[in-house]
2 protein chains.
Amino acid sequence: MSSSKPPTPRSESGRSESGSVPAAVVNRLSLYLRELQHLVAEGIQTTSSSQLGERLGFSDAQVRKDLAHFGAFGHPGVGYRCDELINEIRRILGTDRVWTVALVGVGNLGRALLGYKGFESQGFRVAAAFDSDPAKVGSHVEGIEIRPIEEISQVVAQAAIDLGMVAVPAAFAQAAADVLVAAGVRGIVNFAPVSLALPEGVSQVGVDLARELEQVSFAVASRLRAEGA
Amino acid sequence: MSSSKPPTPRSESGRSESGSVPAAVVNRLSLYLRELQHLVAEGIQTTSSSQLGERLGFSDAQVRKDLAHFGAFGHPGVGYRCDELINEIRRILGTDRVWTVALVGVGNLGRALLGYKGFESQGFRVAAAFDSDPAKVGSHVEGIEIRPIEEISQVVAQAAIDLGMVAVPAAFAQAAADVLVAAGVRGIVNFAPVSLALPEGVSQVGVDLARELEQVSFAVASRLRAEGA
DNA sequence: GTCTGTGAAAGTGTTCACAGCG
DNA sequence: CGCTGTGAACACTTTCACAGAC
């Protein structure tokens, strides 16, 4: 459960390899999905690469090229049927089925993740939560019972958990990830501000809240420097 | 306060323009910063592009090229003094000063953001919080008083707020952003699953929890397809 | 006429490999 | 020697522009 120097480090920006589709394309794909869902909610049934691109800040060619990686989903002279394209993208992303997710770490952020309403509709069900704090174990958050860390491997197997979310303090994140991986989880979203070393075959995406703010502060600071100088 | 078709849409992946430094470079920069801080915590005072790269999954050349965008911070034959490079990167990212941040939306996620311990040490102080729910207004979360949305512009000016975090439901995110921008905020981190349209000169980074999971599920689904097929 | 799908061109980002400094 | 900083080679992405489908 320590972490001297395990395999495959991998950073935030990209997940591990995945065939030959650029990470940036997959990123945009899920942006297209979200926007298509908004379009449908607005009562729009058909769209075009230029409309979709315009709403997201991409070129029409970009949208078409991205989709071309996976097939030909449009109708020349017409555009894309929204519901059709939604289904295609969900299939590509794998969210045409439900993924079960386990959460490790029920602090402030963990509780927010358990209560987050946006997962279910996109095909993710948070099915188990774990914490090392005996005071939390046994209690229920959002209808989910908090279990002790020691039960991860049993529960992950029993509940057929696919993915993990790590929301523990930085110092414990690698250990938490190691346990999840040993239990058979295939991918992890890591909210701790560390780069996890995971074995090949386990995907990771990192979300670091302070880093997100840093990206913004850089942009603002650059602008201020440009103006001020 | 509606949002027919305002300026500059911009997606998650990139922030607005910022001189000529690629977004990916800035992303990695803050990853380098984080790792350097870990190195210092481990008692390591000097590092090299290859050590830094290895721990993050990048090549040594990548690390050196990234830094070269901003200057020459290393010592040939020696490497990089960790504390020196940390200072340089903080200066570049703009976090050599404190940025004040306002939060709009004190739901589950908003509360987690107010309680998040990782902001302060990186140069961000959440100094104000707003919510439209009268039941929440007036209460205190993590020592911060929740104020009504109507007071945003007054408070942002008075407290000299630099950045905003939007953690309201998708349908209200554009309006919340509009108010923040009108009040003078220069950058926004948006946790709502929509693409905000912001005027030029205001930076945005989007964090969409469901999308992060989708990136992982794509990678896992790809691997399963490859194996299974 | 509209809009897709796609080769070819242009533009960016990454890796290589080495000169030069400590 | 070791390691940085960097031009030059390479790889990858994006944009262009058009043939073909509706």
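Convention: sequence-line order gives letters A, B, ...; per-chain numbering from 1.
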Within this structure, what is the NE2-to-C1' distance between B/His75 and D/dC1, rounded to whole angstrom?
-> 18 Å
Using a strict cut-off of less than 4.0 Å between a Lys/Arg side-chain nitrogen and an Asp/Glu carboxylate oxygen, indicate whether A/Arg211 and A/Glu214 qualify as a salt bridge.
-> no
Quick one: label B/Ser49 by what it contacts on the DNA or RNA (base, sugar-phosphate, nothing), any heavy atom closer than 4.0 Å.
-> sugar-phosphate
Audit row: A/Phe58, A/Leu31, side-chain contact (heavy atoms from CB on, under 4.5 Å) steps and yes/no | CA-CA 11 Å; A/Phe58 303 125; A/Leu31 241 23; 4.0 Å; yes
Per B/Ser48 side chain, nearest of listed nucleotides D/dT14, D/dC3, D/dT15 = D/dC3
When rounded to whole Å, the CZ to C1' distance for the pair A/Arg64 and D/dT15 reads 10 Å
ring-ring contact (aromatic ring centres under 6.0 Å, His included) involving A/Phe119 - partner list, sequence neighbours excluded | A/Tyr116
Span of DNA chain C engaged by chain A, first through last nucleotide within the 4.0 Å heavy-atom cut-off, is C/dT2 to C/dA8
Considering only heavy atoms, which members of residues 37-44 of chain A lie under 4.0 Å from some atom of DNA chain C?
-> none
Nearest to the side chain of A/Pro22 - D/dT4, D/dT13, D/dT15?
-> D/dT13
Between D/dT4 (P) and B/His69 (NE2): distance, integer Å | 18 Å
Under the side-chain contact (heavy atoms from CB on, under 4.5 Å) rule, what do B/Gln45 and B/Asp83 come out as? Steps first, then yes or no, please.
-> CA-CA 7 Å; B/Gln45 299 191 333; B/Asp83 55 355; over 6 Å; no
Would you indicate whether A/Phe73, at its atom CZ, is surrounded by more than 12 heavy atoms from other residues, nucleotides or ligands within a distance under 6.0 Å?
-> yes
To the nearest angstrom, how far is B/Glu84 atom CD from D/dT4 atom C1'?
-> 13 Å
Between A/Asp66 and A/Val78, whichever has its closest DNA chain D nucleotide further toward 5' is A/Asp66
Check: A/Phe191 and A/Leu113 side chains under 4.5 Å, non-hydrogen atoms | yes
Verdict with reasoning, A/Thr47 to A/Glu35, per side-chain contact (heavy atoms from CB on, under 4.5 Å) = CA-CA 11 Å; A/Thr47 187; A/Glu35 204 60 35; over 6 Å; no
Is any side-chain nitrogen or oxygen of B/Tyr80 closer than 4.0 Å to OP1 or OP2 of D/dG2?
-> no
Run the numbers on B/His38 and B/Ile44 for side-chain contact (heavy atoms from CB on, under 4.5 Å), then give the verdict.
-> CA-CA 9 Å; B/His38 291 315; B/Ile44 296 167; over 6 Å; no
Heavy-atom distance under 4.5 Å between the side chains of B/Ser48 and B/Asp60, does that happen here?
-> no
In whole angstroms, the gap separating P of D/dG2 from CG of B/Leu52 amounts to 20 Å
